Amino acid sequence: MNKGTITMSRQTEQPLRATRRYALSTSALALVSLPLAGLSGTAFAATRGTKTVLEHHLGAFAKGLDEIMKDYTASSVILTHDKQYRGVAEIRGFFDGFLNSVKPGFWEAFKINAQAVDGDVAYLVWEARPFVNQATDTLVVRNGKIAVQTFTAG
Amino acid sequence: MSDVNASKRARSTQEVFAHHLEAFAQGIDALVSDYTEQSSLVLQSGTLTGLAAIRQFFDGFLNDIQPGFWEAFKIQRQQVCGDVAYMVWEAKPFVAMATDTLVVRDGKIHIQTFTAFA
């Protein structure tokens, strides 16, 4: 694990708004991309769709609710420690609540502690202290969208 | 739940999930039987792929268990959604909170993510 180097080679097909929070999340992505290095070329190609969706998901928070929702479909589900959100309306409500609850300083404190992509699964461990001590997301990606996402904050 | 490894149909997500939980009481062979050579265990510390690496991980886990762990083990939440099983659990004071997400394919755990909270 972690042998060799691999760069994220972020495609610039989206005009990146150089917001601070976006810069934060992408630099964190670059730092934690090392677990991908063990993958062969074939496996890497197979996981690109998942990685692209994860990157879009992370970048979308700076752009707002509509951008976040582009990764979900009517059959998407988010499972959390105490609830489940099914379909566009419920998922939109979940992220609307999240964005509205974000306190000043949250994005500056946001830090990705672990990240991995394996096949159709993306995994993330992050924190935003003191607001969120530790949290983890697992995204199951199908057809370029998030089919199921589990989210746990501790 | 009975062991349906021998049956012709692939086990459901719920069956695999239930077996995974029961297997801890049965030992390392039962645990590893839910995985294949293509399975991955995605952890904060990195990704383990294949039976040898997964066996070693659970071997270490079972060896590290302190007396009282299973008495303290409590599932806070579990839910199955299609081929995904989600669980939040604790075993205080050993593990304050932990979460597993299992992606099941062909009756085996294809990918599992696991995070323990400090």
Side-chain angles (χ1 to χ4, degrees), chain A residues 1-3 32-40 42-43 46-47 50 54 73 75-87 90 112-127 129 132-142 146-154, chain B residues 13-14 16-17 20 35-50 52-54 56-57 74-106 108-118:
Chain A
M1 186 89 33
N2 293 2
K3 277 175 288 177
V32 296
S33 64
L34 287 171
L36 289 169
L39 294 174
S40 69
T42 317
T47 57
T50 306
L54 174 62
T73 73
S75 52
S76 300
V77 180
I78 297 181
L79 303 175
T80 74
H81 155 260
D82 58 350
K83 279 186 180 146
Q84 59 174 302
Y85 303 87
R86 290 179 179 267
E90 289 184 16
I112 294 175
N113 291 325
Q115 184 198 335
V117 171
D118 194 316
D120 54 3
V121 172
Y123 170 71
L124 204 64
V125 180
W126 58 271
E127 63 172 66
R129 294 180 192 223
V132 177
N133 280 335
Q134 196 182 2
T136 182
D137 289 87
T138 297
L139 280 58
V140 182
V141 174
R142 300 274 153 77
I146 299 171
V148 181
Q149 177 171 3
T150 69
F151 167 69
T152 314
Chain B
T13 306
Q14 182 62 56
V16 172
F17 188 28
H20 176 65
Y35 300 85
T36 74
E37 206 59 75
Q38 282 73 47
S39 299
S40 288
L41 203 48
V42 181
L43 311 167
Q44 265 177 280
S45 53
T47 300
L48 307 173
T49 300
I54 290 169
Q56 191 178 22
F57 172 80
K74 199 168 88 181
I75 296 176
Q76 295 179 0
R77 170 150 168 78
Q78 67 180 98
Q79 181 154 10
V80 170
C81 179
D83 57 0
V84 174
Y86 171 64
M87 175 166 74
V88 181
W89 58 273
E90 62 171 68
K92 293 179 184 176
F94 314 106
V95 177
M97 183 162 117
T99 181
D100 289 81
T101 299
L102 281 60
V103 181
V104 173
R105 188 169 294 169
D106 301 326
K108 300 280 186 176
I109 299 172
H110 178 54
I111 298 176
Q112 177 171 4
T113 70
F114 168 71
T115 310
F117 289 75

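Nothing here was measured: the structure is a model prediction, and the numbers come from that model. Just so it is clear: chains get the letters A, B, ... in the order the sequence lines come, proteins before strands, and each one is counted from 1.
Counting only heavy atoms from C-beta outward, the side chains of A:D120 and B:I111 approach each other to under 4.5 Å. Using a 4.5 Å cut-off on side-chain heavy atoms (C-beta onward), A:Y123 and B:Q112 make no contact. By the 4.5 Å heavy-atom criterion applied to side chains, B:T113 and A:T136 are not counted as neighbours.
In this structure, the portion of A:A135 lying under 4.5 Å from any heavy atom of chain B is its backbone and not its side chain. For a residue to count as touching a neighbouring chain, one of its non-hydrogen atoms must lie under 4.5 Å from one of that chain's; by this rule A:A122 does not touch chain B. Only the side chain of B:Q76 comes within contact range of chain A, with at least one heavy atom under 4.5 Å from a heavy atom of that chain. Heavy atoms of A:D82 lying under 4.5 Å from chain B belong exclusively to its backbone. In this structure, chain A has no heavy atom under 4.5 Å from any part of B:A85.
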- Between A:V77 and B:Q79, is a side-chain contact (heavy atoms from CB on, under 4.5 Å) present by the stated rule, with each step listed? CA-CA 12 Å; A:V77 180; B:Q79 181 154 10; over 6 Å; no
- Task: Begin with the C-alpha distance, continue with both residues' side-chain angles, and end with the deciding distance and a verdict on side-chain contact (heavy atoms from CB on, under 4.5 Å) for B:F117 and A:T152.
- Result: CA-CA 10 Å; B:F117 289 75; A:T152 314; 4.0 Å; yes
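Side-chain N or O atoms of B:Y86 include none that pairs as donor or acceptor with a backbone N or O of A:I78 at under 3.5 Å.
The two residues B:R77 and A:K83 have their closest heavy-atom pair at NH2-O, 3.2 Å.
Between the CD atom in A:Q134 and the CE atom in B:M97 there is a gap of 8.5 Å [rounded to 0.5 Å].
When each of B:V103, B:T101, B:T49 is scored by its heavy-atom pairs under 4.5 Å with chain A, the top score falls to B:T101.
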